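Written out below as structure tokens is the structure these notes cover.
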Amino acid sequence: MRRQLQLIYKILYSHFGPQRWWPAESAFEVMVGAILTQNTNWGNVSRAIDNLRQNKLITPNKLYKLPQERLALLIRPTGYYNIKAKRLREFLRFFLKNYKGSISRISRERIWRLREFLLAIKGIGPETADSIMLYALNKPVFVIDTYTKRILLRHGFISPDFGYAEVQNLFMKNLKPQAGLFNEFHALLVRLAKEYCLKDNPKCHSCPLKGILRA
DNA sequence: CTGCTAGTCTAAGGAATTCT
DNA sequence: AGAATTCCTTAGACTAGCAG
């Protein structure tokens, strides 16, 4: 298993090269993006982030001061904007109250403790929590998403009933806990899913992972 | 019959709430 | 406890209808 995961990483990296995630100007912006990107493609999130940037609103305090309805309007391109405005505010409240909106303060929190806290916020589930930890705070936590599950399923590494934690364990028990590696690995899996491991008509014939199945 | 445009449909993508 | 439903926009694919 360990060797196979390493092999997959190696193949993907040499095929696609480094992905340079996550495109943001600050760690805080990544956090905001992680919530906005729920059930939404990045293009839409990008528009919303632009709206916030243009209004110079990407700081915890400014965003939290904004009335929910105005916030909703600004993040409209991401879809589900009313719900996301609420979720964003829930997170902001937590971040301001416990860490004064400071990245360096929240970074000092121990990993699994912080994860528990994040999961307790209404509107933050496992994927969003892990994205925040890995991509904003550089914590070695492997992010699982539908793309990752789809690839692993098709290659026989998991069955459909595997839950989030089980899939995550597969990676975390078998890889060195390095944020840089987890970051790149997940980004590469997303890239593969978007170009080859499509939902409907997967391009298995030309897929870089063709023939890689669990031994 | 070809080429355009306007309209309709579908895919993509997490978490919470509300059934059964 | 597990399954279904809710929340929404955008891009791209497809279709219908019409003008040339």
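All figures in this text were calculated on a predicted structure; none of them were measured in a lab. Residue numbering restarts at 1 for every chain, and letters A, B, ... go by the order of the sequence lines.
- Rounded to whole Å, atom P of C:dT10 lies 12 Å from atom CD1 of A:Ile75.
- Here the P atom of nucleotide B:dG14 and the OH atom of A:Tyr80 are 10 Å apart, to the nearest Å.
- Rounded to whole Å, the distance from CZ on A:Arg87 to C1' on B:dT17 is 10 Å.
- A heavy atom closer than 4.0 Å to some atom of DNA chain B occurs in A:Ile121, A:Lys122, A:Gly123, A:Ile124, A:Gly125, A:Pro126, A:Glu127, A:Thr128, these being the qualifying members of residues 120-144 of chain A.
- Side chain of A:Ser46 to main chain of A:Trp42: no donor-acceptor pair is present (N/O by atom type, distance under 3.5 Å, no hydrogens or angles).
- Looking only at distances, no side-chain donor or acceptor of A:Thr37 sits under 3.5 Å from a matching main-chain atom of A:Ala34.
- In summary, the aromatic rings of A:Phe185 and A:Tyr13 are positioned with their centroids too far apart to meet the 6.0 Å limit.
- No hydrogens or angles considered: nothing links the side chains of A:Glu109 and A:Asn98 as a donor-acceptor pair under 3.5 Å.
- Between A:Arg150 and the phosphate of B:dA12, there is no side-chain N or O to OP1/OP2 separation shorter than 4.0 Å.
- A:Thr40 comes within 4.0 angstrom of a base, heavy atoms only.
- Residue A:Arg76 is in sugar-phosphate contact alone, with no base atom involved, counting any heavy-atom pair closer than 4.0 Å across all strands shown.
- Between A:Tyr81 and C:dT9 there is a side-chain polar atom (N or O) within less than 4.0 angstrom of OP1 or OP2.
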Can you name the atoms? Protein N/O to nucleotides 2-4 of chain C N/O, anything below 3.5 Å, with the distance.
none

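- Side-chain N or O atoms of A:Arg87 include none that pairs as donor or acceptor with a backbone N or O of A:Lys122 at under 3.5 Å.
- Here the two rings, on A:Tyr64 and A:Phe95, have centers that are 6.0 Å apart or farther.
- The closest donor-acceptor contact from the side chain of A:Gln68 to the backbone of A:Ala85 lies at 3.5 Å or more, if one exists at all.
- Rounded to a whole Å, the CG atom of A:Leu73 is 13 Å from the C1' atom of C:dT9.
- Between the P atom of C:dC8 and the CG atom of A:Asn41 lies a distance of 17 Å, rounded to the nearest Å.
- Distance alone, capped at 3.5 Å, is enough to place a donor-acceptor pair between the A:Tyr135 side chain and the A:Asn183 backbone.
- A:Asn82 comes within 4.0 angstrom of sugar-phosphate atoms only, judged by non-hydrogen atoms across all strands, and of no base.
- An OP1 or OP2 oxygen of C:dA11 is reached within less than 4.0 angstrom by no side-chain nitrogen or oxygen of A:Asn44.
- The pair A:Arg53-A:Asp50 counts as a salt bridge, with a side-chain nitrogen and a carboxylate oxygen less than 4.0 angstrom apart.
- Nearest nucleotide to the A:Arg47 side chain, out of B:dG14, C:dT9, C:dA11: C:dA11.
- Look at NZ on A:Lys84: it is 13 Å from P on B:dA16, rounded to the nearest Å.
- Rounded to an integer number of Å, the gap from CG of A:Leu36 to P of C:dC8 is 14 Å.
- Listed pair A:Thr37 / B:dG14 fails the phosphate criterion, with no side-chain N or O lying under 4.0 Å from OP1 or OP2.
- Of the candidates C:dT9, B:dA15, C:dC7, the closest approach to any side-chain atom of A:Ile83 belongs to C:dC7.
- Atom CD1 in A:Ile35 sits roughly 12 Å away from atom C1' in B:dG14 (whole-Å rounding).
- Here the shortest heavy-atom pairing between A:Cys197 and A:Arg150 reads O-NE, 2.8 Å.
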